[in-house]
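Numbers restart at 1 for each chain; the letters A, B, ... are given by sequence-line order, proteins then strands. Keep in mind that this is a model prediction, so the values were computed, not measured.
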Number of protein chains: 2
Amino acid sequence: MKAITEQKLANKNVTPTAMRILVMNTLLAQNAAISLSDIEKSLAPADRITIYRTIKTFEEKGLVHVIEDGAGAPKYALCLEECDVNEHHDLHVHFNCICCKETFCLPNCKIPDVSLPANFSSTEMNLIVKGICDKCAN
Amino acid sequence: MKAITEQKLANKNVTPTAMRILVMNTLLAQNAAISLSDIEKSLAPADRITIYRTIKTFEEKGLVHVIEDGAGAPKYALCLEECDVNEHHDLHVHFNCICCKETFCLPNCKIPDVSLPANFSSTEMNLIVKGICDKCAN
DNA sequence: CTAACTAATGCAATTCCATTGCATTGTTTT
DNA sequence: AAAACAATGCAATGGAATTGCATTAGTTAG
Ligand SMILES: [Mn+2]
Ligand SMILES: [Mn+2]
Ligand SMILES: [Zn+2]
Ligand SMILES: [Zn+2]
């Protein structure tokens, strides 16, 4: 366990401090994206700002990606190994369930190409699908 | 001018008050999506909260749609006539230019279908493309 | 036409979250 | 061990969303 956590940090050149290991373990334990305040609650009474800066560091180093699902606060999920400081490669669809309110990465669901108008060029895409997830379907 | 504005409000059963006409005219004057604080600045010294509630009303009545482009604050743009209280039909791509920072509706650029995992069903989709717009391309 | 009722507005106040400054503590390098 | 650098904790700031409440404008019933 601890090995995996520290390895992930080491892979992206992030010094494995106590706080960072706690946050990384929290992220590893999720099957859905979580917000900053989720992490705060989960790690209370750890300092909020330190968690904030930890997540920022993770984001910059390509350990997590941000998901803006329109639910108020941004959520975070672990990146694939291929992501790095310069480029995130999580070009997958994110799904927000209107029933359980969870937001999931759908790593096998790639964002299709769209044909933009003339002289528009794209560098990044973000697709949020809202609906009912498998667990909430009856 | 005034005729168009009031007609748009009337079409969606929104009482055409002074404030609502001002906000609607502001929206009509844009060629890009604008944030609440943009509207506030544009209509200063009108009351911020009234503008907030006006936009909420417009949104509920299907007059405007929200665009979360990840730039911090949500932006708003006029809907097509087909939108209504029950359903927004703006299933088009939104484009955020990393150069001029503007966010545009691309009404002719529909969001392609994506094949979700088994037992996931979609009710709504939101695709934000980031890149360089035609005006900023050289 | 007026009283009663409903909708819209303006202002105050609250809450939430993001972000920064700064002093302190822990780590690494020389 | 001293100097240099990185991470942390706490205080403070700032922006934006949201709600309560009293006031005003608009509409409707008698
Ligand atoms: Mn993801
Ligand atoms: Mn649009
Ligand atoms: Zn669900
Ligand atoms: Zn541009």
At under 4.0 Å, does any side-chain N or O of [X] touch on OP1 or OP2 of [N]?
X	N	result
Arg20(A)	dA7(D)	yes
Thr15(B)	dA7(C)	no
Thr57(B)	dA8(C)	no
Thr17(A)	dG26(C)	no
Lys56(A)	dA18(C)	no
Tyr52(A)	dT19(C)	yes

ILVMFWY network linking Leu106(B) to Ile111(A), side-chain heavy atoms under 4.5 angstrom: yes
Just to be sure I understand the rule, does Pro74(A) reach a base, reach only the sugar-phosphate, or reach nothing, if contact means heavy atoms closer than 4.0 Å?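 Contact class for Pro74(A): sugar-phosphate only.
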Among dT8(D), dG10(C), dA18(C), which is the nearest nucleotide to the side chain of Thr50(B)?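 Of the candidates, dG10(C) comes closest.
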Counting side-chain heavy atoms from CB outward, which of dT9(C), dT18(D), dT19(C) is closest to Thr54(B)? dT9(C)
Less than 4.0 angstrom from a charged side-chain N to a carboxylate O is my criterion; do Glu81(A) and Lys8(A) meet it?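 Counted as a salt bridge, because a side-chain N and a carboxylate O are separated by less than 4.0 Å.
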Using heavy atoms to find the nearest nucleotide of DNA chain D for Ala18(A) and Ser37(B) separately, return the residue whose nucleotide is more 5′.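 Here Ala18(A) is the residue nearer the 5' end.
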Report the distance from atom NZ of Lys101(B) to atom CG of Asn96(B), rounding to the nearest 0.5 Å.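 Going from the NZ atom of Lys101(B) to the CG atom of Asn96(B) covers 8.0 Å.
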Interatomic distance where [atom1] belongs to [X] and [atom2] belongs to [N] [whole Å]:
X	N	atom1	atom2	answer
Asp47(B)	dA25(D)	CG	P	15 Å
Arg48(A)	dA11(D)	CZ	C1'	11 Å
Ile51(B)	dC11(C)	CD1	P	12 Å
Ile39(A)	dC17(C)	CD1	P	13 Å
Leu22(A)	dT8(D)	CG	P	10 Å
Ile49(B)	dT23(D)	CD1	C1'	15 Å
Glu59(B)	dA17(D)	CD	C1'	13 Å
Lys75(A)	dC17(C)	NZ	C1'	15 Å

Minimum heavy-atom distance between Tyr76(A) and Leu27(A), given as atom pair plus value: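 The answer is O-CD2, 4.2 Å.
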May I ask you to verify whether the side chain of Arg53(B) and the base of dG10(C) hold a donor-acceptor pair under 3.5 Å? yes
Reading DNA chain C from 5' onward, which residue's closest nucleotide shows up sooner: Pro45(B) or Val14(B)? Val14(B)
Would you say that Cys105(A) contacts Ile67(A) through its side chain, given a criterion of any heavy-atom pair below 4.5 Å between the two side chains? yes
